[in-house]
Amino acid sequence: MSSSRRIRNYLLQATRGLPASERTLVMAELRGHLLERIEQYQQEGHPRTEAESMAMERFGSQHGLARRLNFAHWTLPAGWTTLGVTLALLGGTVWNIARAQTSQKIVHAGQFAPASGTLGEASKGLKIRYRLSEGRTLEQQISVRGEILYQVHSQTSSKCNSGQQVVLDFRWAEGRSNERHFQLAECLTGSEKINSAGRSLILSRNQEELQVHAE
Amino acid sequence: MDSNTKLMALDLVLLSVLEDQSAYGLEILQRIQARTGENYDFKEGSLYPALHRMVKQGWLESTWEESQKGGAPRRYYSLSEPGRQALEQKKQEWARLRQAMDGLLGGSI
């Protein structure tokens, strides 16, 4: 088995059962850790295959890890779920977006009309704030620089009772051929409202709210 | 050290090493090793379920940043305000436990 395939299989087993929306991120994080350890062992003089075995042994059983990760990811307040931060290099992909520059617009998701626009230039990052119905607030920040373009649309999802989920897709370019994106998604209930105001995009429904702000 | 004992203290250990400065996974492990003299070792993968749980609890915040070495982006963790409060509470709990155990065991160890 090739080196990269061996690592990939290990990571696939270690993250089995995680919400699809979060698995990509977790795999990226674990992979980064393993590769850094492998590099370290190679610098100490171990051959690549041996370095991989040592790194995976030190990391622990992929099956035990999968159980603990599933516990952490499935048993805690979900509220909104992250569909995936791929931070993938999309190399030159052209994202055709109508850059609606209106300062404020409201879209009712029941009849879901796609929306797109810009949050302006981010010098620090994207702040994502989830206000859950029980009043708790969760925050996450992504380090980002550049103009943030957003697109909101719905797509079919077998995981949702409604059969549809609303997707918030944020894109920015770091250099000419280095486009990156970040997505958030939640099952569509029909009561969603999208409110774009200045540097913020707010998705609200009932007593919950997801706010993404460019800083 | 017994693995159950280590797990019991894991939250306190992680919050402590992130108290002053954010860090990514491997960096967190290196700090733990440096500060415990390698007496607190565990399977490295165990770190991530704990970190992810604490993010969901609101104790930690995380940010993806480019690697300075040019590799894959890294997820950095830092303490949130509720995380600082949790750390203070856990420090007090640990101090009480240590006092109780010292009283119980006396000079027998």
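To find a chain, count down the sequence lines: A is the first, B the second, and so on, and within it residues start at 1.
- At most 12 heavy atoms of other shown residues, nucleotides or ligands fall within 6.0 angstrom of atom CZ in A:Arg67.
- Classification of A:Lys127 and B:Glu61 as a salt-bridged pair fails, no side-chain N sitting under 4.0 Å from a carboxylate O.
- Every side chain to side chain donor-acceptor pair (under 3.5 Å) that B:Gln89 has, sequence neighbours left out, goes to B:Glu93.
- Looking at A:Leu69, both its backbone and its side chain come within 4.5 Å of chain B, counting heavy atoms on both sides.
- Atom CZ of A:Arg31 has 12 or fewer heavy atoms from other residues, nucleotides or ligands within 6.0 Å.
- Within the 3.5 Å criterion, the main-chain N or O of A:Leu65 finds no donor-acceptor partner in the side chain of B:Lys43.
- Atom NZ of B:Lys91 has more than 12 neighbouring heavy atoms from other residues, nucleotides or ligands inside a 6.0 Å radius.
- Enclosure of atom CD in A:Glu44 by more than 12 non-hydrogen atoms of other residues, nucleotides or ligands within 6.0 angstrom is indicated.
- Smallest separation of non-hydrogen atoms from A:Ala72 and B:Lys56: O-CD, 3.9 Å.
- The CD atom of A:Glu29 lies 3.0 Å from the OH atom of B:Tyr77; values are rounded to the nearest 0.5 Å.
- Among residues two or more places apart in sequence or in another chain, the side chain to side chain donor-acceptor pair (under 3.5 Å) test is passed with B:Tyr24 by A:Glu36, B:Arg74.
- The line from CG of B:Leu29 to CZ of A:Arg58 is 8.0 Å long, rounded to the nearest 0.5 Å.
- Residues A:Arg68 and B:Tyr48 are not in side-chain contact: their nearest non-hydrogen atoms beyond the backbone lie 4.5 Å or more apart.
- Neither the backbone nor the side chain of A:Gln62 comes within less than 4.5 Å of any heavy atom in chain B.
- The line from CG of A:Leu35 to CG of B:Leu26 is 11.0 Å long, rounded to the nearest 0.5 Å.
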